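Report on one structure; see the data block that follows.
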Amino acid sequence: QTEVLDSKNLRIKLVLLGDSGVGKSCIVLRFVRGQFDPSSKVTVGASFLSQTITLKDSTSVKFEIWDTAGQERYASLAPLYYRGAAAAVVVYDITNPETFLKAQFWVKELQKHGNPDIVMALVGNKADLEYQREVTREEAQTYADSNGMFYIETSAKTSDNVNQLFEQCTEGDI
Ligand code: GTP
Ligand code: MG
């Protein structure tokens, strides 16, 4: 849950879910360290990172981020990380329709078993690969709208919209 430490300090537990290879770890690395690793290794189990940002109204937000492993063999571990999360970031790769289907699987699982107040984001990553796009913005936006999520496209490679993604995750709480 989001913890309001005092009027100017929040703590948000955030989980990233999505198929292997969609760029979850790269998004987190971009947000936390401002870097991109083109030879990022698959995540084993999950990894934890934290980052504190200051919003325009000077609220400080500490994100406690669980970056889960997308490979099928780790799927059963996911509830350990999304239970109690205030925000869930469900990522797919705009060049790979199968990953969009996998994102829909995670949304359904969160609707069934997640915190009912959870803020959900649908993220189309690898937006820099526009020329290889296979999932349209329209279909993703429509899906997000009908599932009470916000939708954003990011590129961990160019950093496009990465900070905005995390900032928008706080909007349910402020
Ligand atoms: P798992 O840990 O197995 O669940 O995968 P993951 O979702 O964490 O994927 P990861 O972040 O490791 O990214 C996989 C590969 O996708 C990276 O090595 C990058 O080469 C590539 N990648 C990630 N983000 C982007 C992006 O925004 N644009 C492009 N072009 N490639 C990206
Ligand atoms: Mg990873």
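These values consider heavy atoms only, across backbone and side chains, with no hydrogens, waters or symmetry-generated copies. As the structure is a computational prediction, the values presented were derived from the model and not from experiment. Read the numbers this way: they start at 1 and go in the same order the structure lists the ligands and their atoms.
- Heavy-atom neighbours of Glu139 CD from other residues, nucleotides or ligands within 6.0 Å: above the threshold of 12.
- Atoms of ligand 1 found under 4.0 Å from any heavy atom of Asp19, numbered from 1 in the order shown, are 7 (O).
- Checked against a 3.5 angstrom limit, the closest N/O atoms of Phe36 and ligand 1 fall outside it.
- Ranking the protein heavy atoms by distance from atom 20 (O) of ligand 1 puts Pro38 O, 3.0 Å first.
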(request) Give the intermediate values and the outcome of side-chain contact (heavy atoms from CB on, under 4.5 Å) for residues Ile152 and Gln164. (result) CA-CA 9 Å; Ile152 191 166; Gln164 288 85 338; 4.0 Å; yes
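- When non-hydrogen atoms are compared, ligand 1 lies under 4.0 Å from the backbone of Ser155 as well as from its side chain.
- Atom 3 (O) of ligand 1 has Ser20 OG, 2.6 Å as its closest protein atom, hydrogens excluded (heavy atom only).
- At a threshold of 4.0 Å, the pair Lys112-Glu109 does not count as salt-bridged, since none of the basic side-chain nitrogens sits closer than that to a carboxylate oxygen.
- Shown in contact with Gly70 at under 4.0 Å from a heavy atom are these atoms of ligand 1, numbered in order with element: 1 (P), 4 (O).
- The part of Asn125 lying near ligand 1 is the side chain, judged by heavy-atom distances below 4.0 Å.
- Inclusion of Ser20 in the first shell of the Mg ion (ligand 2) is not supported: no N, O or S atom falls under 2.8 Å.
- Atom 11 (O) of ligand 1 has as its closest protein heavy atom Cys26 N, 2.8 Å.
- Annotation for Ala85 and Val15: closest pair CB-CG1, 4.0 Å, computed over non-hydrogen atoms.
- Judged by distance alone, the side chains of Asp128 and Ser155 do bring a donor and an acceptor atom under 3.5 Å apart.
- Within the 2.8 Å limit, Ser40 places no N, O or S atom next to the Mg ion (ligand 2).
- Protein heavy atom in closest approach to atom 28 (N) of ligand 1: Asp128 OD1, 2.7 Å.
- For ligand 1 and Val42, the ligand atoms under 4.0 Å from any heavy atom of the residue are 2 (O), 3 (O).
- Of the polar atoms of Thr154, none of the N or O atoms is found under 3.5 Å from an N or O of ligand 1, judged by distance alone.
- The existence of a salt bridge linking Asp93 and Lys126 is confirmed by a sub-4.0 Å separation between a basic side-chain nitrogen and an acidic carboxylate oxygen.
- For atom 22 (N) of ligand 1, the closest non-hydrogen atom on the protein side is Lys126 CE, 3.7 Å.
- Here Phe63 and Phe31 bring their ring centres to under 6.0 angstrom of each other.
- Screening Leu110, Val107, Val89 for a side-chain contact (heavy atoms from CB on, under 4.5 Å) with Leu17, the sole residue that qualifies is Leu110.
- Which parts of ligand 1 touch Thr43 is read off a 4.0 Å heavy-atom cut-off, strictly below it: atoms 1 (P), 2 (O), 3 (O).
- Side chains of Glu134 and Asn96: a donor-acceptor N/O pair is absent below 3.5 angstrom, by distance only.
- Residues Ser25 and Ser40 have side chains that never bring a donor and an acceptor to within less than 3.5 angstrom of each other.
- The angle that Thr43 OG1 and Ser25 OG make at the Mg ion (ligand 2), rounded to 10°, works out to 90°.
- Atom 12 (O) of ligand 1 has Ser40 OG, 2.7 Å as its closest protein atom, hydrogens excluded (heavy atom only).
- Of all protein heavy atoms, the one lying nearest to atom 9 (O) of ligand 1 is Gly23 N, 3.2 Å.
- In terms of protein heavy atoms, atom 14 (C) of ligand 1 is closest to Gly21 O, 3.7 Å.
- Side chain to side chain, Asp145 and Gln141 meet the donor-acceptor criterion of an N or O pair below 3.5 Å.
- Listed by atom number, the atoms of ligand 1 under 4.0 Å from Leu129 heavy atoms are 30 (N).
- Cation-pi geometry between Lys102 and Phe105 is met: under 6.0 angstrom from the ring centre, within 45 degrees of the axis.
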